[in-house]
There are 2 protein chains.
Amino acid sequence: MSTLPVFERARIADGGPAPLYLKLKRLVIDAIAQGTLADRDAIPGERDLARMLGISRVTVRKAFADLVADGVLVQRRGSGTFVAPKTGRIQLPLSRLTSFTEDMRLRGIETFSDWLDRSVALPTPEESLVLALSPGDKVIRLHRLRRADGKPLAIERSSIPHRFLPDPMAVETSLYAALTERGLKPVRALQRLHAVALSKGDADLLGLPEGSPALFTERVAYLTDGRVIEFTRSHYRGDSYDFVAELHLAAGS
Amino acid sequence: MSTLPVFERARIADGGPAPLYLKLKRLVIDAIAQGTLADRDAIPGERDLARMLGISRVTVRKAFADLVADGVLVQRRGSGTFVAPKTGRIQLPLSRLTSFTEDMRLRGIETFSDWLDRSVALPTPEESLVLALSPGDKVIRLHRLRRADGKPLAIERSSIPHRFLPDPMAVETSLYAALTERGLKPVRALQRLHAVALSKGDADLLGLPEGSPALFTERVAYLTDGRVIEFTRSHYRGDSYDFVAELHLAAGS
DNA sequence: CAGTGGTCTAGACCACCGA
DNA sequence: CGGTGGTCTAGACCACTGG
């Protein structure tokens, strides 16, 4: 077994207080991102790694279990642990769902936004709950009508805790760009989606008859520390928008 | 702490050779399916449970970790472990490739199928294209009405190359089970979904008015060697289904 | 405050794989 | 055969939640 500077004791001992298995996960992900570890590369055995890093094997296994669940590593009993081969497309962390902007840009379609609301407001009970607001906290509302080729495609209603983004007018086109400038990058999100019939008001905005089918999505985005940064509800025209997802076989069960 | 016959030592000691944490998972899932455990019910503490079952706390935690990942349980630090509340809609994971039947069972929902079509047929041009069929190849059609609690939930139309599954009658309840028996396990799939208004025929099958909103999905599943094994189009009732996705943002961008 | 889940340790035995 | 991952144990300390 070689020294493998990637997995030196120091790389995990310092760096502030954080669970060891999370530090190890980050170590592996960064090494892959930087090319130090390539596709199908072998990772040292769990016992070796534990010894090298000065932690217990159980902790190594916990980190590896997460990384396998995320599709970053693959494990073969009796053989070893390896960097998962890429399936053709970029998929650094994993399971990505294409977003409005990305998807449209991919198709070479230029998109525009009309602001329906861009204000500071008192939160609704739902916003308070989802954004984990304290009493008295305010929210920023960013409601937009998304258009492409002059045709309305979607209504997007985002709420952000006021303390994260004091001025709603700071958001010009991309909410995520505005957040990133402030060092508030969402790293994880949960999205729920289902089909609904459009209300009269939303149907008018999208230029459709009342009751037309639409894809309704609710997304909650989180920062690295687990705080909720964004709550967005969107209505996509059923006839104009496709969501695409890549599914992987569940590893554990 | 009460005795809770659900979690008696005997329930996990016998029952053949299998990992203890898998036995415990099954125990919890079955209890929810049978109504012994209901929504939001508290599960005994990890230490209590370990003592009651005569296993270690780490093993209990491993089982619980899986169940939390599957959305069956929720855990709150300092508070306890609880049966995940049902959200009114059935939640389907968008990033994991799962069997409908198994996924519903995991949530304690018993499902039934009415066959609409189960035959060998000549492929449509679309089927030929998607399944990469050679001229003369036939397909198996498996069209089903999915029901739960007597209520129609979804229409599912699967096409499988005839050479993979000679006899359509071999599929009793789970298509994936039938495929797996033949060593044909899908490992990856691409799924497209959008909102549609139901046609008269489909609306009738689902017991809804014509034009009701539904989630339409098209899924193409692949074997490890990249061959297409399955092409499935489904219509899910808009009022009964949530698709849930966990999104990760690329580290670089 | 007592009880909870979250993390971590240092062992152990097993089934499997490849040389 | 030795090395691998897969499972399991019996402890321990921490941060958090609730009454």
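No experiment lies behind these values; they were computed from the predicted model shown. Lettering of chains follows the sequences in order, A, B, ..., and the numbering in each one begins at 1.
Residue contacts for A:R76: at a heavy-atom cut-off of 4.0 Å it reaches the sugar-phosphate backbone alone, with no base atom in range.
Remark: B:Y21 is not in phosphate contact with D:dC8, judged by side-chain N or O atoms under 4.0 Å from OP1 or OP2. OP1 and OP2 of C:dT7 both lie 4.0 Å or more from every side-chain N or O belonging to A:T59. The phosphate of D:dG6 (OP1 or OP2) has a side-chain N or O of A:Q75 nearer than 4.0 angstrom. For D:dG5, one of the phosphate oxygens OP1 or OP2 lies less than 4.0 angstrom from a side-chain nitrogen or oxygen of A:T81. In this structure, A:R57 does not reach the C:dA10 phosphate: none of its side-chain N or O atoms is under 4.0 Å from OP1 or OP2.
Side chain of B:R219 to main chain of B:S234: no donor-acceptor pair is present (N/O by atom type, distance under 3.5 Å, no hydrogens or angles). Using modelled atom types, no side-chain atom of A:R141 and backbone atom of A:P168 make a donor-acceptor pair closer than 3.5 Å.
When each of A:G78 and A:V60 is assigned the nucleotide of DNA chain C bearing its nearest heavy atom, the one mapping closer to the 5' terminus is A:V60. Nearest-nucleotide positions on DNA chain C place B:F64 closer to the 5' end than the other of B:F64 and A:R47.
Nearest nucleotide to the side chain of A:E46, out of D:dC13, D:dT9, D:dG5: D:dG5. Looking at the side chain of B:D48, the nearest of the listed nucleotides D:dC8, D:dG5, C:dT4 is C:dT4. When each of C:dT9, D:dT9, D:dG5 is scored by its nearest atom to the side-chain atoms of A:R77, the top-ranked nucleotide is D:dG5. You'll find that the side chain of A:S56 is closest to C:dA10, out of D:dC13, C:dA10, D:dG6. Of the candidate nucleotides D:dC13, C:dT9, D:dT7, D:dT7 has the atom lying nearest to any side-chain atom of B:P19.
Cation-pi geometry between A:R182 and A:F164 is not met: the NZ or CZ atom fails to fall both under 6.0 Å from the ring centre and inside 45° of the normal.
Applying side-chain hydrogen bond (donor to acceptor under 3.5 Å, both in side chains) to A:T81 and the options A:E46, A:R76, A:Q75 leaves one that passes, A:Q75.
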